[in-house]
Amino acid sequence: MITLTNLQKTFPARGSGVPVQALADIDLTIGRGEIFGIIGRSGAGKSTLLRTINLLEKPTTGSVRVDDVEMTALSAAELRQARHSIGMIFQHFNLLSSRTVFDNVALPLELAGMPKAEIKTAVEPLLDLVGLAEKRDRYPAELSGGQKQRVGIARALASKPKVLLSDEATSALDPETTTQILHLLADINRRLGLTIVLITHEIAVIKEICHKVAVMEGGRIIEQGPVFDIFAHPSHPTTRSFVDPVINRGIPDSLKDRLSPTPQPGANPVLRITFTGEKATSPVISAISRKLNLDLNIWHGQIDEIQGAPFGTLVVEALGDSTSVEAAVSLLKVNHLGVEVLGHAVPANH
Ligand SMILES: Nc1ncnc2c1ncn2[C@@H]1O[C@H](COP(=O)(O)OP(=O)(O)O)[C@@H](O)[C@H]1O
Ligand SMILES: [Mg+2]
């Protein structure tokens, strides 16, 4: 649906400053009907990337294809037309304060010259879809943040787009409202088959609704893939710093003090075992413990769900000699569980 190839964007120097390379070597493919998340810290280049998709930002070099149309090759008139199939929502909603809810949603249709009666027929179902039918004659100042974003979503859908771009659409909302808006977007994605590209600095947003994710840093995509895979096996340190807090791969502070990076006399290895998919519920741990006569002292554990599939981590101290611990590690690997040695447990001081 969307293919970005070898995209670069450099902003010219401002004043006596130097040019800013906001995007470098961007290659990205987003499939039809996907919810694709792009995460990164402030200044990573997310908004610039999103804005190249509808060519609000013209790339310095590279190709932007949306629904088989090369966006960079369009004339101004063709681009206006192409943008009808790409809706956009924003962090601060961008509603017109002097217009009612109905008139805000109707605006793009008015601008496109649609007759009044047709506008009414188009807007009413959209207000129903976002749950704002009874607020149609209210003004933005009378609405909560979540309601304002619902208006933003209805307005973005008015021209029946194939793609919805979301620039931090939930970043100004409280957690509960964020969840409601994300569920609305997921519902729209399912019902209308709409492709959604959303950018965020919050990993919880990615975990909640995205199918795929790209991680950005310094204008580059440093890692991308299905959300489950990225959460289960984050390879770049920045990705890990996003993922670790939500899936709680870490260990409690009280136990960190007992962890030595190097082997020591009397210090048992501490392993982090990662379960994914159906393995999360399989009794492989107790089987290994029995087979190798190895006691595992559980330090910390959690089972979570990502994209409907179980995902768990378990931090254990292996109370055995190095041979049986090595055997356990290879047995875990054979059973397709992730395993890494976090360090060595120094005996607790009593
Ligand atoms: N219009 C612009 N002119 C100059 N520099 C810009 C412009 N827009 C963005 N930048 C710079 O490009 C980089 C990426 O910005 P942006 O895409 O807004 O990041 P993000 O959305 O991830 O916070 C930043 O260094 C920013 O200052
Ligand atoms: Mg931004």
Side-chain angles (χ1 to χ4, degrees), residues 2-28 30 35-64 66 71-72 76 79 83 86-95 145 148-149 152-153 156 163-174 177-178 181-182 185 195-210 212-225 227 230 234 236-243 245-246:
I2 300 170
T3 313
L4 309 178
T5 313
N6 193 17
L7 213 60
Q8 323 274 343
K9 174 72 186 183
T10 305
F11 289 108
R14 269 190 286 213
S16 56
V18 292
V20 177
Q21 180 158 36
L23 297 178
D25 306 329
I26 300 288
D27 286 301
L28 197 62
I30 299 173
I35 305 182
F36 197 106
I38 298 169
I39 188 166
R41 313 246 183 253
S42 177
K46 306 181 296 294
S47 294
T48 306
L49 176 57
L50 197 72
R51 288 160 55 84
T52 59
I53 295 175
N54 56 7
L55 236 71
L56 282 177
E57 213 68 82
K58 191 171 166 27
T60 310
T61 57
S63 152
V64 177
V66 179
M71 299 290 284
T72 58
L79 188 55
R83 280 186 184 140
I86 309 175
M88 193 161 182
I89 55 176
F90 309 89
Q91 179 173 3
H92 297 296
F93 324 121
N94 297 6
L95 304 181
K148 284 181 199 164
Q149 195 55 284
I153 292 168
V163 175
L164 179 67
L165 307 179
S166 166
D167 190 340
E168 303 270 3
T170 58
S171 295
L173 306 175
D174 61 67
T177 312
T178 292
I181 293 294
L182 293 177
L185 290 176
T195 305
I196 299 180
V197 187
L198 66 83
I199 64 179
T200 182
H201 62 276
E202 295 173 306
I203 193 74
V205 168
I206 303 288
K207 180 171 176 246
E208 188 82 35
I209 63 162
C210 293
K212 293 209 181 137
V213 61
V215 187
M216 283 190 81
E217 187 170 71
R220 294 169 191 276
I221 293 175
I222 53 172
E223 199 164 351
Q224 60 172 311
V227 166
I230 298 291
H236 192 283
T238 302
T239 311
R240 255 180 258 140
S241 73
F242 276 119
V243 164
V246 274

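Both counts, for ligands and for their atoms, begin at 1 and track the order of listing.
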Donor-acceptor contact present, side-chain [X] to main-chain [Y], <3.5 Å:
X      : Y      : value
Gln224 : Asp27  : yes
Thr178 : Asp174 : yes
Gln149 : Phe90  : yes
Arg220 : Ala44  : no

Quick one: pull up CG in Leu165 and CG in Leu50 and give me the separation to the nearest 0.5 Å.
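So the gap between those two atoms works out to 4.5 Å.
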Any N/O/S of Thr48 under 2.8 Å from the Mg ion (ligand 2)?
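No - counting backbone and side chain alike, Thr48 has no N, O or S atom under 2.8 Å.
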Polar side chain donor-acceptor pair, Thr60 to Gln8, under 3.5 angstrom
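Looking only at side-chain atoms, Gln8 and Thr60 do not form any donor-acceptor pair under 3.5 Å.
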Counting only heavy atoms, which portion of Thr48 has something under 4.0 Å from ligand 1: side chain, backbone, both, or neither?
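Contact part for Thr48 vs ligand 1: both backbone and side chain.
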Side chain, backbone, both or neither: which applies to Arg41 and ligand 1 if a contact is any heavy-atom pair less than 4.0 Å apart?
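Backbone only; the side chain of Arg41 stays clear of ligand 1.
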In terms of residue, atom name and distance, what is the protein heavy atom nearest to atom 18 (O) of ligand 1?
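Of the protein heavy atoms, Ser47 CB, 3.8 Å lies nearest.
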Could you identify the single nearest non-hydrogen protein atom to atom 12 (O) of ligand 1 and state the distance to 0.1 Å?
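Checking every protein heavy atom, the shortest distance to atom 12 (O) of ligand 1 gives Ala22 CB, 3.5 Å.
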Indicate yes or no: does an N/O atom of Phe11 lie under 3.5 Å from an N/O atom of ligand 1?
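N/O-N/O distance under 3.5 Å: no.
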Before signing off on this row, confirm whether Gly43 and ligand 1 have an N or O atom pair separated by under 3.5 Å.
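Yes; at least one N/O pair falls below 3.5 Å.
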Can you sort out which atoms of ligand 1 are near Val20, meaning under 4.0 Å from one of its heavy atoms?
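Per the distance check, 11 (C), 12 (O), 25 (O).
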Quick check on contacts: which atoms of ligand 1 are under 4.0 angstrom from a heavy atom of Ser42?
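Numbered from 1, ligand 1 contributes 23 (O).
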Counting only heavy atoms on the protein side, is anything nearer than 4.0 Å to atom 20 (P) of ligand 1?
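Yes, there is a protein heavy atom closer to it than 4.0 Å.
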Test item: protein heavy atom less than 4.0 Å from atom 26 (C) of ligand 1
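Given the 4.0 Å limit, the answer for atom 26 (C) of ligand 1 is no, no protein heavy atom qualifies.
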Is there a heavy atom of Arg14 sitting under 4.0 angstrom from any atom of ligand 1?
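Per 4.0 Å heavy-atom rule, Arg14 contacts ligand 1.
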Applying a strict 4.0 Å limit to heavy atoms, is Gly40 in contact with ligand 1?
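No.
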Could you check Ile89 against Asp167 for side chain to side chain contact (heavy atoms under 4.5 Å, CB included), going step by step and ending with a plain yes or no?
CA-CA 6 Å; Ile89 55 176; Asp167 190 340; over 6 Å; no
Contact check, side chains of His236 and Glu217, non-hydrogen atoms, under 4.5 Å:
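The answer is yes, as the side chains (C-beta and beyond) meet within the 4.5 Å cut-off.
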Determine, stepwise, if the pair Leu49 / Leu4 fulfils side chain to side chain contact (heavy atoms under 4.5 Å, CB included).
CA-CA 9 Å; Leu49 176 57; Leu4 309 178; 3.3 Å; yes
